[in-house]
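To start, the structure itself, in structure tokens.
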Amino acid sequence: MRLPFSRPRPVHDTVVTAVTPLTSAMVRLTLTGPTLPALAFEQPTQWAKLTVAGPAGTRVTRAYTVRHHRPGPGEADFDVVLHGRGPFARWAAAARPGEPVRIAGPRGRLRTPEGADHLLLVADESAQPAALALLAALPPGFPVLALLETGHPRDTLSCGTAADATVRWLPRAGTGRGKGELLAAAVRDAALPSGRGAAWVAGEAGAVTAVRRHLLGERAFEREDVQAKGYWKAGEAAHRGGAEH
């Protein structure tokens, strides 16, 4: 039974047309379908549910950020992190053109604080597609500091933006630090500009909570100026947070 306040997600039946390695731990899936020109993609951090064939006739569904949408040819890109041994990551690592994928969505809303003087972007691998999409959408000259954690120095990505952006990649390799720990330390040590700051923080839930607490406490950010989302949680296979990647 559908509750009166629930809204069905638009569904698009697509196929994989390209699988492009981006780093040693991330691939881009390009999907094409006859209804994708009508995909209601409006904001850079929106996500959609992707459903693919799982083992033994099952179906696997996970949420991923819409990285690019090209209405003309009816295409959409989704960047998938190949972390762990989850069923979607295993499927994506072996995906080939022609495989069917059902898209439900997109959903999600970006809360943009009015009057912010600068922006802090904080993301681990899981949130980098959304963070880079947001970075690309910022207005020319807008001050932004992006702190992006990754597994290895070779796993950095291109950061196209017209904003006045300082991008710092934080590779964990050789540090002995767990996922999210470098981000929390980098935020604590960051020299932020004067004026009213806004923050977008996403990644491992525990690290996101620590960063949010620091920004609201020691940094005295206004609560409405901090948008924080736990995309996944260490030790929890099916965390119901935001989009994965």
Side-chain angles (χ1 to χ4, degrees), residues 21-28 45 47 62-65 67 79-90 92-93 118-135 143-159 161 165-193 197-221 225-245:
L22 299 179
T23 72
S24 65
M26 184 181 293
V27 298
R28 172 165 294 167
T45 62
W47 53 269
R62 294 291 185 271
Y64 289 90
T65 297
R67 187 64 180 88
D79 297 346
V80 179
V81 175
L82 307 177
H83 57 70
R85 297 197 52 79
F88 200 104
R90 292 198 302 271
H118 59 88
L119 176 67
L120 174 65
L121 284 180
V122 182
D124 68 9
E125 298 99 309
S126 70
Q128 281 169 21
L132 295 180
L134 178 54
L135 191 61
V144 55
L145 171 61
L147 302 175
L148 306 175
E149 185 178 303
T150 191
H152 300 275
R154 65 178 180 272
D155 290 339
T156 61
L157 294 164
S158 174
C159 303
T161 182
T166 299
V167 180
R168 296 178 186 165
W169 289 95
L170 307 170
R172 290 186 304 276
T175 68
R177 308 295 288 273
K179 289 185 176 181
E181 293 181 11
L182 292 178
L183 286 176
V187 172
R188 287 194 299 270
D189 295 340
L192 300 180
W200 185 92
V201 186
E204 197 280 323
V208 167
T209 298
V211 169
R212 181 178 183 272
R213 185 180 298 121
H214 169 76
L215 293 176
L216 296 179
E218 290 91 326
R219 298 285 187 166
F221 272 54
D225 292 341
V226 179
Q227 189 164 353
K229 191 69 173 179
Y231 278 9
W232 65 285
K233 188 172 184 179
E236 188 173 311
H239 178 64
R240 296 181 64 83
E244 295 186 59
H245 305 281

- Could you tell me whether Arg67 and Asp79 make a salt bridge, using a distance below 4.0 angstrom between a side-chain N and a carboxylate O? yes
- Message: Suppose we screen for side-chain hydrogen bond (donor to acceptor under 3.5 Å, both in side chains). Which residues come up paired with Arg188, at least two apart in sequence or across chains?
- Response: none
- Residue pairs involving residues 199-215 (criterion side-chain hydrogen bond (donor to acceptor under 3.5 Å, both in side chains); sequence neighbours excluded): His214-Arg219
- Message: Which residues pass the side-chain contact (heavy atoms from CB on, under 4.5 Å) test with Pro143, not counting sequence neighbours?
- Response: His118
- Message: Under a 3.5 Å distance rule, please check whether Thr161 uses its side chain to pair with a backbone N or O of Leu135 as donor and acceptor.
- Response: yes
- Closest approach of Ala93 and Leu82, non-hydrogen atoms and distance? N-CD2, 3.9 Å
- Here the gap from Lys229 atom NZ to Thr45 atom OG1, rounded to the nearest 0.5 Å, amounts to 11.0 Å
- Message: Could you report the tightest heavy-atom contact between Glu125 and Gly151, atom names first, then the distance?
- Response: OE2-N, 3.3 Å
- Item | Heavy-atom pair of closest approach, residues Ala186 and Leu170 | CB-CD1, 3.6 Å
- Task: Go through Leu192 and Phe221 one step at a time and tell me if the side-chain contact (heavy atoms from CB on, under 4.5 Å) criterion holds.
- Result: CA-CA 12 Å; Leu192 300 180; Phe221 272 54; 4.0 Å; yes
- Query: Can you list the residues that meet the side-chain contact (heavy atoms from CB on, under 4.5 Å) rule with Thr175, with sequence neighbours excluded?
  - Reply: Arg172, Arg177, Leu182
- Any donor-acceptor pair under 3.5 Å from Gln128 side chain to Glu149 backbone: yes
- Query: If you round to the nearest 0.5 Å, how far is OG1 of Thr166 from CG of Leu120?
  - Reply: 11.0 Å
- Using side chain to side chain contact (heavy atoms under 4.5 Å, CB included) as the criterion, point out the one residue from Val201, Leu147, Leu145 that pairs with Val187. Leu147
- Query: Roughly how far, to the nearest 0.5 Å, is CG of Leu132 from CG of Leu121?
  - Reply: 8.5 Å
- Taking side-chain contact (heavy atoms from CB on, under 4.5 Å) as the test, write out the residues that go with Thr23, two or more places apart. Ala25, Met26, Asp155, Leu157
- Are Pro129 and Trp47 side-chain neighbours, meaning at least one heavy-atom pair lies under 4.5 Å? no
- Task: Search all heavy atoms of Gly203 against all heavy atoms of Asp124 and return the closest pair with its distance.
- Result: CA-OD1, 3.3 Å
- Looking only at heavy atoms, the pair that brings Ala92 and Val80 closest together is CB-CG1, 3.8 Å
- Message: Please enumerate all residues that pass side-chain contact (heavy atoms from CB on, under 4.5 Å) together with Pro153, with sequence neighbours excluded.
- Response: Pro171, Ala173
- Would you name the heavy atoms of Thr65 and Ala130 that are closest together and state the gap between them? OG1-CB, 3.6 Å
